[in-house]
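Position 1 is the first residue of the sequence; numbering continues from there. Computed from a predicted structure; not experimentally measured.
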Amino acid sequence: MKRLFLIPLVALLLLTSCDDSKATHTDLVVRFACEKFTTQERSLLPTPESMTIAEYRIFGNGPNNETVDVTGSSTTVTLGQLLMGKWAITAQARNSTGAILAQGSLATMLSSATSSATINLTELVGDGSLSVAYSWSLEQVASDVRLELSITNQQGESVSLSDPTLDKTTGTASLATNLPSGSYMLSSKLYSQNVLVSGCTEAVRIIPGTTTTGALEMKMGDRSTIFTMTVTNDTMMPIGGTVTCTPTSPTVGANVTLTFTPSNLQGVEAGQLIASWFCEGEPVVGDGFSYTSVPKAGSHRYDIIVSHAKLGSLGSTTILVNMPIM
């Protein structure tokens, strides 16, 4: 998030006379480090005038119920002849309407031994309001268009926000809500047919008694002449392989085991293949990639058909088995 202002530092210099160490009163000189907040572009801010420090107010309580309350527009203000002792002092930076832009407090001992103290204006007080006008193109959204808003403070905590008021016939919406003084991040998202079509995020600054206003156009329709398409070949070449016979020289009446070994799996697992065995064109029951039988005497053709779920994978492998007569 952008920083929307600089915290002014107020230096309180406690000056004493070098030839009157026993004095019961002394002067308090207040100096200010800066005169106004800085603004940033592309943020929802109050007017520059309302963000400008017009005066500083210093007030406090001291010993014997002594009080002080002074305002000034220059960078140095002198509080004359304060009673030495413990003082609780508050300093405020105000704009021309009296709104407190920042303040800070300090409890200090004012004495000949205490030469300086510092108050940091780090406190934000009061409430302000936020008013934002939204607009979008009617030709680029459906009738179910909706605007979703969320806001978080400078600590990243979500803050409750009033619902915006939509006018779907004009393509406009408005937000009006009250917020404590401080810095915020406003997120705005425009949906059509449940699809995000536009969005923006803006920094927001709220000061007491002031309305921060802004107008946001929800732009849509960024164009691109580049369309990237990935083509995936979901087909395969026919599965191939080899069939071996064990034993290689069969004997009469003995078992013969045929074993298939695939050779071009093309990135698939062997366990994903489906195998069917045939003898002389007739289906026989095999055990996956193997088939065991006792062939009759003579020469016999065995085929295995192997396939995968992908198209084009169907392949076959053949072996001839010669059984002796005796």
(request) Please answer whether the main-chain N or O of Ser313 pairs with a side-chain N or O of Ser307 as donor and acceptor at a distance below 3.5 Å. (result) no

(message) Is any side-chain heavy atom of Asp127 closer than 4.5 Å to one of Leu179?
(response) no

(message) Using every non-hydrogen atom in the two residues, find where Tyr134 and Met218 come nearest and quote the distance to one decimal.
(response) CD2-SD, 3.9 Å

Just distance, no hydrogens or angles: give the donor-acceptor pairs under 3.5 Å from side chains in residues 289-299, sequence neighbours left out.
residue, atom, partner, partner atom, Å
Ser290, OG, Asp287, O, 3.2
Thr292, OG1, Thr257, OG1, 3.0
Ser299, OG, Asn322, OD1, 2.9

(request) Would you check if the side chain of Asn153 reaches a backbone N or O of Gln155 as a donor-acceptor pair within less than 3.5 Å? (result) yes

(message) Between Arg301 and Asp303, does any NZ, NE, NH1 or NH2 come within less than 4.0 Å of an OD or OE carboxylate oxygen?
(response) yes

(request) With the side chain counted from C-beta on, respond yes when Leu82 and Trp87 share a heavy-atom pair under 4.5 Å apart, and no when they do not. (result) yes

(message) Between Thr213 and Thr211, is the side-chain hydrogen bond (donor to acceptor under 3.5 Å, both in side chains) condition met? List the steps.
(response) CA-CA 6 Å; Thr213 61; Thr211 299; over 6 Å; no

(request) Answer yes when Arg57 and Glu55 have at least one side-chain N-carboxylate O distance shorter than 4.0 Å, and no when they do not. (result) no

(request) Please report the shortest heavy-atom distance between Asn194 and Asp144, naming the atom on each side. (result) N-OD2, 4.0 Å

(request) With the side chain counted from C-beta on, respond yes when Leu258 and Val256 share a heavy-atom pair under 4.5 Å apart, and no when they do not. (result) yes

(request) Measure the shortest side-chain to side-chain distance between Val159 and Tyr184 over non-hydrogen atoms and say whether it is less than 4.5 angstrom. (result) yes

(request) Indicate yes or no for a side-chain donor-acceptor contact from Ser181 to the backbone of Gly126 under 3.5 Å, with no hydrogens or angles considered. (result) yes

(message) Within the structure provided, determine whether Ile58 and Gln92 are in side-chain contact (heavy-atom separation under 4.5 Å).
(response) no

(request) Flag the pair Met185 / Gln154 as yes when at least one side-chain heavy-atom distance between them is below 4.5 Å, and no otherwise. (result) no

(request) Specify the closest pair of heavy atoms between Pro46 and Thr212, including all atoms of both residues, with the distance to one decimal. (result) CG-OG1, 3.4 Å

(message) I'd like to check Phe260 versus Val306 (side-chain heavy atoms, cut-off strictly below 4.5 Å). Are they in contact?
(response) yes

(message) Closer than 3.5 angstrom, by distance alone: can the side chain of Thr47 be matched with the main-chain N or O of Ser50 as a donor-acceptor pair?
(response) yes

(message) Using the rule that Ile, Leu, Val, Met, Phe, Trp and Tyr join whenever any side-chain heavy atoms are under 4.5 Å apart, tell me whether Leu101 and Val125 fall into a single cluster.
(response) no

(request) Using modelled atom types only, decide if a donor and an acceptor are shared between the side chain of Glu148 and the backbone of Tyr191 within a distance under 3.5 Å. (result) no

(request) Using a 4.5 Å cut-off on heavy atoms from C-beta on, say whether the side chain of Leu147 contacts that of Lys189. (result) no

